[in-house]
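Step one of this worksheet: look at the structure below.
Just so you know, these numbers come straight off a predicted model, no measurement behind them.
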Amino acid sequence: MATPSPDLSAALVSLRTRWGAAAPAVVGEVVGALATVPLPAEDPAEAPFGAPFGTPFGTPFGAPAPGMLPAADERIVRTGFGALDAIIGPGGIPRDAAVALRGDASSGKTTLALRLAAEAQAAGSIVAWLDLGRSLDPVEAVARGVRLDWLVVLVPDSLDEGLAMAGALVAGGAVDVLLVDLPVARQGDRAPAAPVGRVAGPRASAAPTRPPSFADRLHRLVALARRHDVLLVVLEPPGLGSEAADAVAGSTGLRLELVRRAWIRLGRDVVGQRTEVTVARNRFGPPGRRAELRILYADGGPRDACLLRPPLLAEPRTDAPTHPRTTRIDQRATPPPPLAPPPAPARPAADDRRPELRLVPDRPAGPRRTPLDERDRPRREPGGRGARDPAGNAPRGRTPARARGDVPRPGA
Amino acid sequence: MTRLLREHPSIEVELDGAGRLVAIRWAGRREPVEVCNRWRVDEAWWRRPIARDYFKVVGTRWLALVYLDRVDGTWHLERVYD
Amino acid sequence: MPLGGAHRLAPEATFLDPAPEADAAAVEAAFERLAAFSPGLAGPTDPADPAFGRLEVQVDGLDRLWGPEAVLVGRLRAALEPILPGAPRAGIAGTRFAATVAAGMSLREDVTRRLRIVEPDGEAAFLGPLPAGLLTPDPEVRARLARFGLRRIDAVACLSRSALVARFGVEGERIHARANGEETDPFRPRRTSERLALGTAIEPPVEAIEAVRFVLRRLAGALADQLLARGAAAGRVILRLELDPAFARRGTPTLLEIEQRFPEPSAEAEAIERLLLARLEREPPPAAVVRLELELLEVAPASGHQLALFVPQAARVARLRWQLARLALTYGEDRIGTVELGDPEAPLPETRWTFRPAGWGMAPAPRLAPAPGLVPAPGSRVAR
């Protein structure tokens with residue numbers, strides 16, 4: 001294998017200093033400045049969080065998976081999931097595309113959107129997040145590889161204002177990717193806000209016109225994004241009105257529908273999920289193709305090391321297997337052990353390429369957390385059923401019905 | 001990724017006879033849930049105390065994080081894992 | 001020459017007693033007049049200085065306001081006519097030395113013009129045929145140049161820098177640079193350049209934002225060129241609008257002052273113009289505008305160039321900051337910005353990060369070492 005030149009090595013060190021683990025690394029033979037090698041076969045055993053199957057940059061938190069390097073095509077934005085990139089068509093999402101991510105709550109669409117943002121940033125893009133849902137968690141975004149330095153956050157007061165701000169931002173040409181996180185259960189048609197700063201006077205009169213609908217505004221935003229080569233991603237929440245849903249469907253050339261197929265458990269805790277993504281509509285390739293994503297949730301504690309040890313995880317076989325390596329659960333397995341902190345993982349070998357987890361926890365660890373025992377049961381709540389039994393000190397030895405993760409499918 | 005609902009909307013919960021959380025009502029829907037993890041947070045007792053019991057709950061549709069505010073006795077939805 | 005000898009040579013001449021204070025006052029008054037045309041002025045005010053009487057005016061970008069260089073010199077000449085005796089000679093070139101030589105040679109031009117203009121980057125060609133003795137005031141160096149047979153400036157320019165340094169030391173490097181049309185003495189304005197201001201009247205008064213924008217663009221362009229010529233950038237701007245009270249409502253102020261801080265120090269006219277335009281659209285003037293003045297504040301040396309090679313976003317962060325600043329002016333500062341992590345292990349999730357309004361938060365691009373002092377950029381134009 002040819003060794004990188006000193007200039008290239010210095011450049012990569014600089015990138016790593018700045019981008020951390022999202023920076024590219026040289027693997028394989030160096031040809032020119034960077035080598036481009038095909039994506040390797042999917043290997044869930046090596047899958048890090050949210051990026052199971054051969055992402056170009058591997059995990060955001062460590063060395064990229066072997067054979068991974070960013071593609072030379074700057075017109076493509078990778079999703080962070082190699083299996084999904086492979087079925088979209090051109091190996092990722094084209095820069096001038098308008099994409100809709102549709103799925104129920106906990107379907108994984110937000111994880112997918114953040115991974116896409118992280119991949120775009122790693123490729124040099126500036127990303128904007130239109131937080132209409134007021135639910136962006138920057139800590140989690142960082143855990144997914146997003147660089148907050150290069151993330152513009154728009155927090156409008158209304159949908160109309162948000163779309164206007166998004167349009168101005170796109171028209172300015174300063175961002176490359178715009179993610180529109182639509183709020184839950186919004187109505188489509190609303191009158192737009194009056195324009196700001198017009199010169200008052202006898203010449204500033206205009207006949208009243210019909211205010212543009214949500215569909216009109218979304219169409220304009222899509223057209224504006226395409227004209228300025230901005231990738232537009234719309235996160236469609238569950239329960240969106242039919243008119244708004246039709247507007248999103250009609251405006252986007254690529255629609256991905258996410259359905260969670262199974263939970264992944266570590267003992268009793270749910271630590272991840274398997275999600276099936278269907279390319280419901282695709283202007284850039286054949287529709288109807290499917291891929292399965294494996295998403296893990298890390299909380300930054302000592303338990304995270306267990307997530308990289310597949311034998312500890314319980315992943316039931318889904319009813320519609322789309323991946324040949326789906327893990328089967330032995331129905332005769334013994335009940336999971338009671339909740340307890342896992343043993344400290346062994347120190348990895350020097351040449352071990354597994355990433356060192358430095359996720360930001362979503363809850364405080366250590367002495368702030370007090371495991372609840374039998375003496376600290378929740379009190380009775382107004383409207384709740386059942387009365388608390390003060391003398392009910394019986395240990396909770398009964399195994400819950402779903403301890404082994406055989407979660408029924410939605411709608412079953 | 002979890003969605004952090006900044007307003008921490010109030011929710012209604014259902015407890016079984018043993019006082020365990022078995023269902024949640026939010027946004028007009030009832031969701032039977034199972035508690036898969038829980039912990040307690042006690043902070044800042046010297047000023048405005050923060051006393052919360054967190055419950056990671058899983059249902060048929062979603063995985064979420066709810067908490068009981070032990071100061072005022074209300075239940076809230078903090079996160080939805082998506 | 002003794003006074004008696006002068007009388008014998010020119011008995012019809014009128015001899016005046018020296019009045020250094022009056023001479024200095026006249027030159028000061030001349031600088032004050034010139035300050036209305038350009039914020040970049042230099043020149044000695046001490047009558048004992050050998051260069052006394054030389055007024056240096058930085059003319060970069062002034063063509064947007066005052067027209068071509070010849071027209072500008074005509075305006076300067078008209079402004080100085082009541083103060084200084086006779087018609088001043090003028091020379092315009094890209095270096096101070098070449099401009100001085102051009103001004104000296106303009107004596108041969110007709111009295112009404114007395115102006116010599118050297119084309120941009122044509123300093124070496126202009127100086128080439130001239131005597132090499134012009135390159136230095138040192139008589140010893142002049143004599144040595146003559147002994148070496150270097151009678152023309154282009155002959156000196158053909159020599160290598162090291163050869164001249166070996167023969168003439170430090171002075172050799174200076175004469176080599178001058179002969180090749182390179183600047184050797186940085187332009188040092190009379191006033192420390194903490195302020196740059198230009199204003200112009202608008203006749204007839206205008207109400208429309210577009211008309212105000214037209215004038216604003218010219219002023220911003222002229223000032224930005226001055227900044228660029230000095231390798232400087234401004235951090236703040238004040239826009240002053242004098243309003244016409246004739247048809248305004250009672251109680252309307254006659255002076256409107258808008259102060260705006262930049263997301264980062266800048267010398268880009270278009271960015272400054274757009275930011276101010278966003279403010280004007282948000283706070284339109286309540287009456288017609290009769291005069292517009294623009295002042296740049298917090299002027300400091302620009303801190304170098306961004307390293308775009310290894311950090312792709314860094315090359316565009318300046319543009320993004322400006323755009324976010326404009327959007328924040330339109331929609332509100334709390335609507336757009338970035339987020340910054342605080343304590344990721346804070347007990348409450350809402351306390352683990354903070355929202356930073358627009359203009360903050362973008363990672364600063366890696367920069368080179370700051371440029372030393374206020375040195376005019378190569379190619380800046382100086383009038384003498």
Checklist line | Greater than 12 external heavy atoms within 6.0 Å of Glu268(C)'s CD | finding: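 No - once you tally the heavy atoms of other residues, nucleotides and ligands closer than 6.0 Å, there are 12 at most.
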
For [X], is it the side chain, the backbone, both, or neither that has a heavy atom closer than 4.5 Å to a heavy atom of chain C?
| X | result |
| --- | --- |
| Ala128(A) | neither |
| Asp176(A) | both |
| Leu169(A) | both |

Next item on the list: Provide the full list of ring pair (Phe, Tyr, Trp, His ring centres under 6.0 Å) pairs with a residue in residues 198-227 of chain C, sequence neighbours left out, each pair given once.
Entry: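 Output for this query is empty, none listed.
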
Check: What residue pairs, at least two apart or across chains, pass ring pair (Phe, Tyr, Trp, His ring centres under 6.0 Å) with a residue in residues 252-291 of chain C?
Finding: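 Only Phe262(C)-Trp322(C) qualify under ring pair (Phe, Tyr, Trp, His ring centres under 6.0 Å).
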
Notebook entry, point to check: Is any side-chain heavy atom of Leu231(A) closer than 4.5 Å to a side-chain heavy atom of Val177(A)?
Noted result: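 Result yes, sub-4.5 Å side-chain heavy-atom pair found.
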
Next item on the list: With a 4.5 Å cut-off on heavy-atom pairs, point out which of Asp334(C), Val339(C), Leu327(C) contacts chain A the most.
Entry: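 Top option by heavy-atom pairs under 4.5 Å: Val339(C).
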
